[in-house]
Amino acid sequence: MKNLTIAFALMFSAITFGQMSFNVTNLDLQHPMNTDANLGWFMTDDIMVSMGMSDWDNFNVSARVYTDFLDRAFIQATTTASMTVAGDREYMVGAALGWTKALGIWRLQFEPMVVLDDIQDFTPRLAWGLRFNL
């Protein structure tokens with residue numbers, strides 16, 4: 001019983017030491033419901049895992065690693081799952097390279113980035129996001 005208590009305490013402490021984060025990407029002020037948003041969880045100070053979804057059939061999961069290069073540059077890998085019209089699942093693997101800059105307004109951060117939505121279709125684009133750490 002003592003070992004079970006210790007194991008439970010270690011699991012609980014690993015969960016509570018992380019930090020949550022909320023991100024809005026490509027904010028569309030005329031149609032705010034078309035904006036991409038996700039919730040993230042910092043596993044360590046340098047690794048964040050996040051998930052976003054528009055409905056139960058369309059979602060994405062990403063992992064981001066922060067570096068000390070340029071004072072908080074990051075590399076991100078993303079998997080996007082979506083349901084086709086025929087009812088089949090379609091998966092895309094993407095990547096992003098960007099930079100996080102604190103705006104000085106509480107915990108709000110600006111994130112410009114270069115994004116590949118699908119690495120098989122090599123079409124990079126510029127994107128940006130606002131991240132708020134809770």
Side-chain angles (χ1 to χ4, degrees):
M1 184 67 178
K2 184 177 178 182
N3 290 339
L4 182 62
T5 304
I6 292 171
F8 180 74
L10 288 174
M11 286 188 307
F12 184 71
S13 67
I15 291 171
T16 57
F17 285 134
Q19 180 182 10
M20 287 199 66
S21 177
F22 177 75
N23 181 34
V24 174
T25 305
N26 299 328
L27 181 62
D28 185 357
L29 294 176
Q30 292 181 343
H31 307 288
M33 296 307 287
N34 292 340
T35 301
D36 298 330
N38 68 39
L39 286 174
W41 184 261
F42 281 92
M43 306 302 280
T44 67
D45 288 341
D46 297 332
I47 299 173
M48 182 183 66
V49 176
S50 61
M51 181 178 178
M53 63 187 326
S54 58
D55 56 34
W56 291 109
D57 294 328
N58 302 309
F59 61 91
N60 63 32
V61 177
S62 62
R64 179 181 284 190
V65 176
Y66 287 94
T67 66
D68 290 333
F69 182 69
L70 291 176
D71 192 36
R72 297 301 280 175
F74 62 84
I75 301 168
Q76 176 175 309
T78 304
T79 300
T80 303
S82 58
M83 188 71 73
T84 64
V85 177
D88 297 328
R89 278 262 181 229
E90 182 177 279
Y91 296 96
M92 290 188 310
V93 176
L97 177 65
W99 178 57
T100 299
K101 175 66 178 160
L103 293 177
I105 305 169
W106 201 28
R107 293 180 161 185
L108 190 62
Q109 300 169 337
F110 177 67
E111 297 181 330
M113 62 189 97
V114 177
V115 177
L116 286 172
D117 292 317
D118 187 2
I119 59 173
Q120 292 179 348
D121 176 26
F122 191 83
T123 309
R125 65 180 174 87
L126 294 176
W128 61 275
L130 291 174
R131 181 161 300 281
F132 181 76
N133 293 330
L134 303 175

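Keep in mind it's a predicted model, so treat the numbers as computed, not measured.
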Undergrad: Could you note down all residue pairs passing ring pair (Phe, Tyr, Trp, His ring centres under 6.0 Å) where residues 73-97 supplies at least one of them, sequence neighbours left out?
TA: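 Residue pairs passing ring pair (Phe, Tyr, Trp, His ring centres under 6.0 Å), neighbours aside: Tyr66-Phe74.
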Undergrad: Closest approach of Gly40 and Ser50, non-hydrogen atoms and distance?
TA: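 Taking every non-hydrogen atom into account, CA-CB, 3.6 Å.
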Undergrad: With rounding to the nearest 0.5 Å, note down the distance linking CG in Leu108 to CZ in Arg131.
TA: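 The distance works out to 11.0 Å.
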Undergrad: Run the side chain to side chain contact (heavy atoms under 4.5 Å, CB included) check on Val114 and Leu126 step by step: do they pass?
TA: CA-CA 5 Å; Val114 177; Leu126 294 176; 3.8 Å; yes
Undergrad: Is it possible for you to say whether Leu103 and Trp128 belong to one hydrophobic cluster, with membership spreading through side-chain heavy-atom contacts below 4.5 Å?
TA: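 Leu103 and Trp128: one cluster.
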Undergrad: Indicate whether the side chain of Asp46 and that of Thr44 have a donor and an acceptor atom separated by less than 3.5 Å.
TA: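 Side-chain D/A pair, Asp46 to Thr44: absent.
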Undergrad: Restricting to non-hydrogen atoms, name the atom on Leu130 and the atom on Phe110 that form the minimum distance, rounded to 0.1 Å.
TA: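 Residues Leu130 and Phe110, closest heavy atoms: CD2-CD1, 4.1 Å.
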Undergrad: Counting only heavy atoms not in Asp55 (residues, nucleotides, ligands), do more than 12 fall under 6.0 Å from its CG?
TA: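 Buried by this count: over 12 neighbours within 6.0 Å.
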Undergrad: Indicate whether any N or O donor in one side chain lies under 3.5 Å from an N or O acceptor in the other, for Arg64 and Gln76.
TA: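 Yes, because at least one side-chain N or O of Arg64 sits under 3.5 Å from a partner of the opposite role on Gln76.
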Undergrad: Are Val93 and Met51 connected in a single hydrophobic cluster, I mean Ile/Leu/Val/Met/Phe/Trp/Tyr linked by side-chain heavy atoms less than 4.5 Å apart?
TA: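 No, Met51 does not connect to Val93 through the hydrophobic network.
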Undergrad: Going from OG1 on Thr123 to CG on Asp117, what distance comes out if it is rounded to the nearest 0.5 angstrom?
TA: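 Answer rounded to 0.5 Å: 8.5 Å.
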Undergrad: Look up atom CD in Glu90 and atom CG in Asp118, then write down how far apart they are to the nearest 0.5 Å.
TA: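 Here the interatomic distance stands at 8.5 Å.
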Undergrad: Please determine whether residues Phe69 and Met113 belong to a single hydrophobic cluster, defined as Ile, Leu, Val, Met, Phe, Trp and Tyr linked transitively by side-chain heavy-atom distances below 4.5 Å.
TA: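 Phe69 does not cluster with Met113.
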Undergrad: Kindly compute the distance separating CD1 (Ile105) from CZ (Phe132), expressed to the nearest 0.5 Å.
TA: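 The distance works out to 11.0 Å.
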Undergrad: Can a donor-acceptor pair be found, under 3.5 Å and without considering hydrogens, that links the side chain of Thr67 to the backbone of Ala73?
TA: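 Yes: the side chain of Thr67 pairs with the backbone of Ala73.
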Undergrad: Counting only N and O atoms by type, is there a donor-acceptor contact under 3.5 Å from the side chain of Asn60 to the main-chain atoms of Gly52?
TA: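 The answer is yes, because a donor-acceptor pair under 3.5 Å joins these two groups.
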Undergrad: Counting only heavy atoms not in Ile75, do more than 12 fall under 6.0 Å of its CD1?
TA: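 Counting other residues, nucleotides and ligands, CD1 of Ile75 stays at 12 neighbours or fewer.
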Undergrad: Please say yes or no: joined through hydrophobic side-chain contacts below 4.5 Å, possibly via intermediate residues, are Val115 and Val61 part of one cluster?
TA: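 Per the 4.5 Å side-chain linkage, Val115 and Val61 are not co-clustered.
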Undergrad: What pair of heavy atoms forms the shortest contact from Asn133 to Ser21, and how long is it?
TA: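 Result for this residue pair: OD1-OG, 3.0 Å.
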Undergrad: Each residue besides Met92 in its hydrophobic cluster should be listed here, by chain and number; the cluster joins Ile, Leu, Val, Met, Phe, Trp and Tyr at side-chain heavy-atom distances under 4.5 Å.
TA: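 None; Met92 is a cluster of one.
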Undergrad: Just to verify, what does Asp68 make a side-chain hydrogen bond (donor to acceptor under 3.5 Å, both in side chains) with, not counting sequence neighbours?
TA: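 None.
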Undergrad: Kindly indicate whether the side chain of Gln109, heavy atoms from C-beta on, has any atom under 4.5 Å from the side chain of Lys101.
TA: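 The answer is no, as the side chains (C-beta and beyond) never meet within the 4.5 Å cut-off.
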Undergrad: For the side chain of Asn58 and the backbone of Met83, is there at least one donor-acceptor N/O pair under 3.5 Å apart?
TA: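 Indeed, once roles are kept as given, a pair shorter than 3.5 Å links the two residues.
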Undergrad: What closest approach, in Å, do Phe22 and Leu39 show between heavy atoms, and which atom pair accounts for it?
TA: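 Shortest heavy-atom contact: CD1-CD2, 3.6 Å.
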Undergrad: Hey, could you give me the OG1/CG distance between Thr84 and Asp57, rounded to the nearest 0.5 Å?
TA: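 Thr84 OG1 to Asp57 CG: 10.0 Å, rounded to 0.5 Å.
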Undergrad: Do you reckon Val24 sits in the same ILVMFWY cluster as Val49, going by side-chain contacts under 4.5 Å, direct or chained?
TA: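 As far as the 4.5 Å side-chain criterion goes, Val49 and Val24 are connected within one cluster.
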Undergrad: About how many Å separate CD1 of Ile47 and CZ of Phe42, when rounded to the nearest 0.5 Å?
TA: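 Answer rounded to 0.5 Å: 11.0 Å.
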